[in-house]
Every structure is written in structure tokens, then in C-alpha cells.
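A short write-up of the structure that comes next.
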Amino acid sequence: MKPLSGHWNGPSDKPPRISVIIPTLNEATTIEACLDQFDCGAGSMEIIVVDGGSDDGTPEIVRSWPEARLIESSIRGRAIQMNAGAAASSGDVLLFLHADTRLPVHWREFVTESIFGRGKAGGRFRFDIAHGKRIYRWIARGTNFRSRFLGITYGDQAIYTTREAFEAVGGYPGIPVFEDARFADRLKKAGGLDWIDEAVLTSARRWERRGPVRTLLLTWLLRLLYTLFVPPRILARFYGVVR
């Protein structure tokens with residue numbers, strides 16, 4: 001897939017500034033590789049890592065990275081951390097990235113075209129898992145079908161949005177689980193959630209921890225209970241095993 005031509009018409013025809021916001025909690029094994037994928041030399045991007053109280057050296061690794069800005073949150077939780085990162089950012093576009101996820105090469109061009117060429121409030125990428133086993137290919141296909149055709153989107157698809165749309169929908173909802181899915185639903189209502197048919201690559205670690213089949217079934221069960229309006233505080237007791 002070739003990069004799309006953007007239609008940014010901002011001040012002085014400069015490219016839009018993109019803020020990449022990465023929530024972390026004990027991500028010492030992944031954060032360096034995550035930061036390595038970025039080149040901020042052009043000045044049209046900033047990297048903000050919001051740490052929720054890591055005790056494994058994650059903050060020290062981020063501090064050693066000259067182009068990344070570290071924010072240490074006194075309260076942990078992805079929604080809280082991502083909202084804190086958005087509040088501290090200066091970008092025209094906000095992209096929320098998990099520390100174990102890699103973006104495609106031309107991601108900035110794709111996002112720019114999505115927002116300023118197609119006029120979307122935000123969007124997400126096609127999903128893939130960094131593992132060669134067949135079951136992970138099926139999990140990725142199911143995730144992409146669910147997202148593209150059923151509209152169910154999660155944070156490991158690198159959700160992005162304009163600052164204006166982010167503020168209009170009130171940011172991430174202050175719930176302990178499925179905050180990314182609810183945020184994506186709000187963006188759909190605010191101006192459309194785009195689909196970029198280029199894959200982000202996510203670690204298989206959360207499926208490997210308890211086994212891919214068991215993790216997948218538990219995820220489906222929790223999603224069903226969420227759809228049936230089971231309070232997120234109750235689901236949060238079980239969600240940590242699949243997150």
C-alpha cells in the first residue's frame with residue numbers, strides 16, 4: 001500500500017503536528033523498542049510517555065530517550081494516563097499507542113490523509129500479532145472483521161483523532177475497562193472512525209500468558225458482559241488477565 005497524499009491546509013502549509021501518547025506500567029522490556037520506531041527530527045511529531053507508577057525501570061529508560069517526554073501519573077489506569085498525555089500535548093492530531101505495538105512505515109501519511117483528506121474525526125489501523133502460529137493469524141483476522149464490519153475497536157489498533165474531536169467527546173471515559181472501545185464509539189458519532197488497511201504489529205504476550213484460546217474466550221465473555229451493561233468495575237476484576 002503506497003502512502004496517501006495528505007491535504008493538510010494548516011498554517012503556512014506545514015504538516016500537522018502529531019502527538020503520540022504511550023501509557024506505560026512496567027514496560028521495561030518493550031518501551032525502548034517502541035521508542036526506536038520514531039524519528040522526531042522533522043519537528044512535526046512529539047512522543048509523550050505517561051507512566052502509571054512503574055517499578056521496573058521504565059521511567060529511567062524513557063528519560064534516556066532525548067526525544068521522548070515523560071509524565072509520571074500519580075494515578076494509574078490507561079484512560080487516566082492517556083487523558084493526562086493529551087492534556088500535556090501540543091499536537092493537532094493525537095495517536096494513542098500501546099508500548100508493545102509497532103506502527104507501519106508510512107503511518108504519518110496515512111493518518112494525515114485520513115483526517116485532513118477524508119475529513120474523519122479519527123480512525124484505527126488493521127491489526128496483526130507478532131507471532132507465526134496459525135492461531136494468531138485467525139485471532140488477527142477475527143479482530144479485523146470485528147473492527148471493520150462490526151465497529152468494535154480496541155486500543156491495540158492505535159486509535160488516533162484530532163484534538164478538536166478528542167475534546168468534543170470528552171476524551172477517554174473514566175472507566176477501568178473497555179475505555180478504548182467506548183472512546184472509539186464516541187468518535188464514530190462525532191465525525192466518523194476511519195479504517196487504515198495497513199497493519200500495526202502487536203506483541204503476542206497477552207495471549208501467551210494464559211494461552212491464546214483461553215484468553216480469547218475470556219475476552220469474548222467480558223465483551224458480552226460489557227454489552228449487557230455489567231458495571232466496568234466488576235469486569236475489571238477479570239480484565240487484567242487478558243489485557
Side-chain angles (χ1 to χ4, degrees), residues 1-23 34 37-50 67 69 78-79 81-98 101-128 143-144 147-149 151-173 179-202:
M1 184 175 180
K2 296 181 180 179
L4 300 169
S5 58
H7 299 291
W8 167 243
N9 295 314
S12 304
D13 292 326
K14 291 181 180 179
R17 183 167 173 80
I18 300 177
S19 298
V20 179
I21 298 166
I22 307 169
C34 181
Q37 68 184 303
F38 298 109
D39 177 12
C40 303
S44 61
M45 177 173 59
E46 66 176 350
I47 309 298
I48 298 176
V49 178
V50 187
E67 295 176 322
R69 178 182 174 188
R78 276 187 178 158
Q81 291 170 234
M82 291 187 290
N83 286 339
S89 68
S90 61
D92 308 291
V93 174
L94 311 176
L95 185 145
F96 300 92
L97 184 70
H98 291 182
T101 299
R102 305 294 171 267
L103 293 161
V105 175
H106 297 294
W107 68 271
R108 278 184 281 186
E109 289 92 331
F110 295 132
V111 169
T112 299
E113 171 64 15
S114 171
I115 295 291
F116 301 106
R118 294 195 286 274
K120 299 294 185 178
R124 75 284 199 206
F125 290 79
R126 178 162 54 86
F127 173 78
D128 203 358
T143 297
N144 290 321
S147 179
R148 191 168 190 178
F149 298 106
I152 302 172
T153 296
Y154 293 142
D156 46 18
Q157 291 178 258
I159 299 171
Y160 59 89
T161 182
T162 64
R163 177 175 299 280
E164 181 181 11
F166 181 86
E167 293 175 352
V169 302
Y172 278 86
E179 75 289 334
D180 42 11
R182 188 173 295 183
F183 176 65
D185 289 341
R186 291 178 177 179
L187 289 179
K188 282 186 284 187
K189 295 178 182 178
L193 192 68
D194 207 1
W195 168 270
I196 294 179
D197 196 18
E198 191 79 6
V200 292
L201 192 64
T202 296

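Source: prediction; values computed, not measured.
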Would you say the side chain of [Y] lies within less than 4.5 Å of the side chain of [X], judging by non-hydrogen atoms?
X    : Y    : value
I115 : Y160 : yes
V50  : M82  : no
S19  : V93  : no
Y172 : R186 : no
L103 : F110 : no
L97  : Q37  : yes
T101 : F125 : no
M45  : E67  : no

Please name the pair of heavy atoms, one in [X] and one in [Y], separated by the smallest distance, quoted to 0.1 Å.
X    : Y    : result
G155 : D180 : N-OD2, 2.8 Å
V200 : A158 : CG1-CB, 4.0 Å
T112 : P16  : OG1-CG, 3.7 Å
A79  : P173 : CB-O, 3.3 Å
I21  : P23  : O-CD, 3.7 Å
C34  : R102 : N-NH2, 3.6 Å

Requested in this report: Could you check W107 against F38 for side chain to side chain contact (heavy atoms under 4.5 Å, CB included), going step by step and ending with a plain yes or no?
Outcome: CA-CA 11 Å; W107 68 271; F38 298 109; 3.8 Å; yes
Query raised in the report: Is there a side chain to side chain contact (heavy atoms under 4.5 Å, CB included) between E179 and R78 once you walk through the steps?
Result: CA-CA 8 Å; E179 75 289 334; R78 276 187 178 158; 3.9 Å; yes
What's the separation between atom [atom1] in [X] and atom [atom2] in [Y], rounded to the nearest 0.5 Å?
X    : Y    : atom1 : atom2 : value
I196 : K120 : CD1   : NZ    : 11.5 Å
N144 : R124 : CG    : CZ    : 9.5 Å
L95  : I48  : CG    : CD1   : 12.0 Å
I159 : L187 : CD1   : CG    : 7.5 Å
L193 : Q157 : CG    : CD    : 9.0 Å
S90  : R163 : OG    : CZ    : 7.0 Å

Query raised in the report: Does E167 CD have over 12 foreign heavy atoms under 6.0 Å away?
Result: yes
Query raised in the report: Can the ring centres of F166 and F96 be said to be less than 6.0 Å apart?
Result: yes
Ion pair present between [X] and [Y], side-chain N to carboxylate O less than 4.0 angstrom?
X    : Y    : answer
D185 : K188 : yes
R118 : D194 : yes
D197 : R126 : yes

Query raised in the report: Run the side-chain hydrogen bond (donor to acceptor under 3.5 Å, both in side chains) check on R17 and S89 step by step: do they pass?
Result: CA-CA 10 Å; R17 183 167 173 80; S89 68; over 6 Å; no
